[in-house]
Amino acid sequence: MKTSFTRPVNPFEQSRLVCRMCEYKFPDPIPEFADHETEKFREHMLQRLTKKNEYFGDSVQEIVDICTEILNNFLRTEYGGPGTLMVIPFVDMADAIREKELPGAPQAARAAVVWAQNNIDNHWKEWTGEGEGEGEE
């Protein structure tokens, strides 16, 4: 029977790794990217929420405006590329929709977060030229 042993974690090695991770600086947000991405988001949300009229009724435009404003603010102030997409703006979307007593807050926030997860990091890479040449030999 073969026994395996794990090496104890050296606290000095661990602290060096943590310090290196803390030193990584994400890029600053790019306002032009934020505006461009927000328009793509707005188009998607209008199309998506209009199809789900049973949730949103006549409030689609107002809900899209709320979500779009929150996303644009986040992209302009916080988003600095892959690794910086947070859930907070999507929670804020649901809260703002509820505060205005509009229908479909969870559905709208879910549609927004799914679109963001599928698109924002990839669009950032295209915008900044990151990832070009990947997969080429």
Side-chain angles (χ1 to χ4, degrees):
M1 175 155 59
K2 189 173 184 179
T3 311
S4 86
F5 294 96
T6 57
R7 190 177 109 208
V9 175
N10 179 336
F12 296 110
E13 286 180 36
Q14 188 174 11
S15 66
R16 274 190 302 209
L17 176 61
V18 169
C19 288
R20 282 192 305 228
M21 289 175 10
C22 292
E23 291 172 2
Y24 181 78
K25 175 102 169 101
F26 286 100
D28 290 332
I30 302 171
E32 298 82 7
F33 171 77
D35 294 342
H36 182 75
E37 197 66 4
T38 299
E39 282 309 307
K40 289 180 179 182
F41 174 77
R42 177 186 296 280
E43 290 171 17
H44 169 79
M45 290 295 285
L46 274 171
Q47 183 180 27
R48 177 91 170 127
L49 301 190
T50 300
K51 288 180 182 177
K52 301 286 185 175
N53 209 20
E54 69 272 12
Y55 293 120
F56 309 106
D58 295 333
S59 302
V60 170
Q61 186 62 55
E62 191 173 358
I63 293 168
V64 170
D65 289 346
I66 290 167
C67 294
T68 301
E69 181 180 344
I70 291 169
L71 182 69
N72 186 263
N73 184 50
F74 169 74
L75 292 174
R76 287 178 150 271
T77 60
E78 302 291 328
Y79 184 76
T84 62
L85 184 60
M86 297 184 284
V87 73
I88 294 167
F90 306 101
V91 172
D92 291 346
M93 289 175 193
D95 289 347
I97 294 167
R98 279 191 197 102
E99 285 174 15
K100 293 202 179 242
E101 298 181 0
L102 296 169
Q107 293 84 2
R110 191 173 311 115
V113 77
V114 167
W115 184 87
Q117 288 176 318
N118 291 334
N119 293 285
I120 292 177
D121 287 348
N122 292 329
H123 293 166
W124 173 273
K125 290 175 185 176
E126 291 170 12
W127 186 276
T128 61
E130 289 180 25
E132 287 184 5
E134 287 182 2
E136 295 178 9
E137 293 184 50

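Values below: all heavy atoms of this structure, side chains included; hydrogens, waters and symmetry mates excluded.
- Rounding to the nearest 0.5 Å gives a distance of 10.5 Å between OG1 of Thr68 and CG of Leu75.
- Residues passing the side-chain hydrogen bond (donor to acceptor under 3.5 Å, both in side chains) test with Thr38 are Asn72, sequence neighbours excluded.
- A search for side chain to side chain contact (heavy atoms under 4.5 Å, CB included) contacts involving Ala109 returns Ala94, not counting sequence neighbours.
- In plain terms, the two heavy atoms of Ala34 and Arg76 that are nearest each other are CB-CG, 3.5 Å.
- Here the closest non-hydrogen pair linking Ile63 and Ala108 is CG2-CB, 3.7 Å.
- With a 4.5 Å cut-off on side-chain heavy atoms, Ile120 and Trp115 count as touching.
- In this structure, Val87 is not a member of the same hydrophobic cluster as Met93, with clusters built from ILVMFWY side-chain heavy atoms closer than 4.5 Å.
- To the nearest 0.5 Å, the span separating CD1 on Ile66 from CE on Met45 amounts to 10.5 Å.
- The list of side-chain hydrogen bond (donor to acceptor under 3.5 Å, both in side chains) pairs with a residue in residues 77-92, not counting sequence neighbours, reads Tyr79-Asp121.
- Heavy atoms only, all atoms of each residue included: Ile70 and Pro89 are closest at CG2-O, 3.4 Å.
- Other residues, nucleotides and ligands contribute over 12 non-hydrogen atoms within 6.0 Å of the CD atom of Gln107.
- For Glu37, the side-chain hydrogen bond (donor to acceptor under 3.5 Å, both in side chains) partners at least two apart in sequence or on another chain are His123.
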- Item | Chi angles and distances behind the side-chain contact (heavy atoms from CB on, under 4.5 Å) call for Ser59, Leu49 | CA-CA 10 Å; Ser59 302; Leu49 301 190; over 6 Å; no
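- With sequence neighbours excluded, the residues forming a side chain to side chain contact (heavy atoms under 4.5 Å, CB included) with Asn118 are Val114, listed by chain and number.
- Residue pairs meeting the salt bridge (charged side-chain N to carboxylate O under 4.0 Å, His left out) criterion with at least one member in residues 45-68, sequence neighbours excluded, are Arg42-Asp65.
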Could you list the donor-acceptor pairs under 3.5 angstrom formed by side chains in residues 26-33, with sequence neighbours left out?
none

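- Contacts classified as salt bridge (charged side-chain N to carboxylate O under 4.0 Å, His left out) and involving residues 93-109 (residues at least two apart or in different chains) are given here: Asp95-Arg98.
- Hydrophobic clustering, with ILVMFWY side chains joined whenever heavy atoms are under 4.5 angstrom apart, keeps Val91 apart from Leu71.
- Residue pairs meeting the ring-ring contact (aromatic ring centres under 6.0 Å, His included) criterion with at least one partner in residues 52-77, sequence neighbours excluded, are absent.
- When the side-chain hydrogen bond (donor to acceptor under 3.5 Å, both in side chains) test is applied to Trp124, the partners found at least two apart in sequence or on another chain are Glu130.
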